[in-house]
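Okay, so here's the structure we're looking at.
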Amino acid sequence: MKIASFNINGIKARAEALPAWLKAAEPDVVALQEIKSTDEAFPHEVLDGLGYQIVTHGQKGFNGVALLSRFPLEDVVCGLPGDDEDVQARWIEATVVGDRAVRICGLYLPNGNPAPGPKYDYKLAWMARMHARVQTLLATEEPLVFLGDYNVIPQDEDAAKPEAWREDALALPQTRAAFRRLLHLGLTDAFRARVAGPGHFTFWDYQAGAWQRNNGIRIDHLLLSPQAADLLREVGIDKEVRGGEKPSDHVPIWIDLNA
DNA sequence: ATGGTTGCCCCGCAA
């Protein structure tokens, strides 16, 4: 089961690039972030004929997440539990049934800038809520995959210019500590389970020629429960997508599970 | 070098 995460930065803007990548990469399951569309306005025709079931958790103008699956999707949950006041569309869960059932949790973690400030407080509170949700799901002992745009640079080696991110909400010590608390629950960073060292990125800013200079960061992650980590076959980053026509500022990252 | 670019859809805000 090939499972990918892709922050597309607008489904309407990616009406050509998204299906082109799907045809080339042939993932079974995809978590999309920043669809920037309501559920009603989601252009389903963009994905017609590609064989995916689609569930969306959208919002007008910004945020918004979705799951695509070639296998049946069951028990869909929209929204991160733990705060009934939170209206931001950043979390979607479903169980995908292939050779075996895998719980897929797609997420778009808050950016948090500027820090300090209310947006950073929201980021840290959201990470605490995610921690609680992960604990709840781990108790099921199902294979779990938590994937998406975490807006977290886990370590200095995950940025081309770590000094430029020192004061940024994506790399502040409190952000990294909250990310480590997720890992300490027993989750595995799938990419780091297979690839060591610097120079592996999933995001390059549109500004200042970041792609041409390879000034990137690794902020899109797949975290695996122990039962999912046992099934891990392969990981990859589809870096070439960033050099295509009208690209997102993120590229897809994926795993292949024996499931 | 306090810049630069993109997407949303009504133009300023988020990233």
Side-chain angles (χ1 to χ4, degrees), chain A residues 5-21 31-47 56-66 80 86-91 106-127 130 147-154 158-172 174-176 178-179 201-221 238-253:
Chain A
S5 172
F6 191 6
N7 180 326
I8 55 173
N9 189 21
I11 181 64
K12 296 170 194 80
R14 236 51 69 201
E16 291 172 16
L18 176 59
W21 168 71
L32 298 177
Q33 301 89 40
E34 287 204 87
I35 63 172
K36 295 188 174 181
S37 166
T38 60
D39 296 335
E40 296 71 28
F42 189 90
H44 285 258
E45 67 276 9
V46 165
L47 300 167
T56 62
H57 179 42
Q59 184 176 348
K60 190 177 178 67
F62 57 109
N63 299 331
V65 288
L80 179 61
D86 186 3
V87 296
Q88 297 196 34
R90 296 180 174 277
W91 182 270
L107 64 110
Y108 176 46
L109 206 147
N111 176 296
N113 282 302
K119 291 189 174 180
Y120 193 57
D121 295 341
Y122 175 68
K123 178 176 195 153
L124 294 177
W126 201 97
M127 293 180 84
M130 178 173 168
L147 74 169
D149 178 358
Y150 280 71
N151 272 311
V152 174
I153 302 168
D158 298 310
K161 296 184 175 181
E163 66 284 356
W165 299 92
R166 210 68 81 191
E167 310 291 318
D168 194 281
L170 278 60
L172 282 170
Q174 281 188 86
T175 304
R176 288 180 169 177
F179 185 76
F201 309 129
T202 63
F203 170 91
W204 294 259
D205 203 290
Y206 287 125
Q207 301 181 70
W211 167 247
Q212 289 75 12
R213 297 160 193 254
N214 196 27
N215 179 16
I217 52 178
R218 190 177 73 93
I219 57 174
D220 299 272
H221 308 297
D238 289 344
K239 180 179 179 178
E240 72 286 350
V241 169
R242 187 64 177 80
E245 286 284 304
K246 209 173 188 297
S248 171
D249 41 5
H250 295 250
V251 296
I253 177 169

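Note that the structure is a prediction, hence the values are computed from the model and not measured.
- Residues that satisfy the ring pair (Phe, Tyr, Trp, His ring centres under 6.0 Å) test with A:Y150, not counting sequence neighbours, are A:F179, A:H221.
- Along DNA chain B, the nucleotide closest to A:G10 and the one closest to A:Y206 are compared, and the more 5′ of them pairs with A:Y206.
- With sequence neighbours left out, A:R176 forms a side chain to side chain donor-acceptor pair (under 3.5 Å) with A:D156.
- The nearest heavy atom of DNA chain B to A:N63 and to A:K60 marks one nucleotide each, and the one closer to the 5' end goes with A:K60.
- Scanning for salt bridge (Lys or Arg N to Asp or Glu O under 4.0 Å) contacts around A:D220 gives an empty result, with sequence neighbours left out.
- With sequence neighbours left out, A:N151 forms a side chain to side chain donor-acceptor pair (under 3.5 Å) with no residue at all.
- A heavy atom lying under 4.0 Å from DNA chain B marks the following residues of residues 113-125 of chain A, by number: A:K119.
- With sequence neighbours excluded, no residue forms a side chain to side chain donor-acceptor pair (under 3.5 Å) with A:S248.
- When all heavy atoms of A:M127 and A:V152 are compared, the pair lying nearest together is CE-CG2, 3.9 Å.
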When you compare the protein's N or O atoms with those of nucleotides 1-3 of chain B, which come within less than 3.5 Å of each other, and at what distance?
none

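- The salt bridge (Lys or Arg N to Asp or Glu O under 4.0 Å) search around A:R90 returns none, not counting sequence neighbours.
- The phosphate of B:dG7 has OP1 or OP2 within less than 4.0 Å of a side-chain N or O from A:K246.
- Considering only residues two or more places apart in sequence or on other chains, A:D168 meets the side chain to side chain donor-acceptor pair (under 3.5 Å) condition with A:N113.
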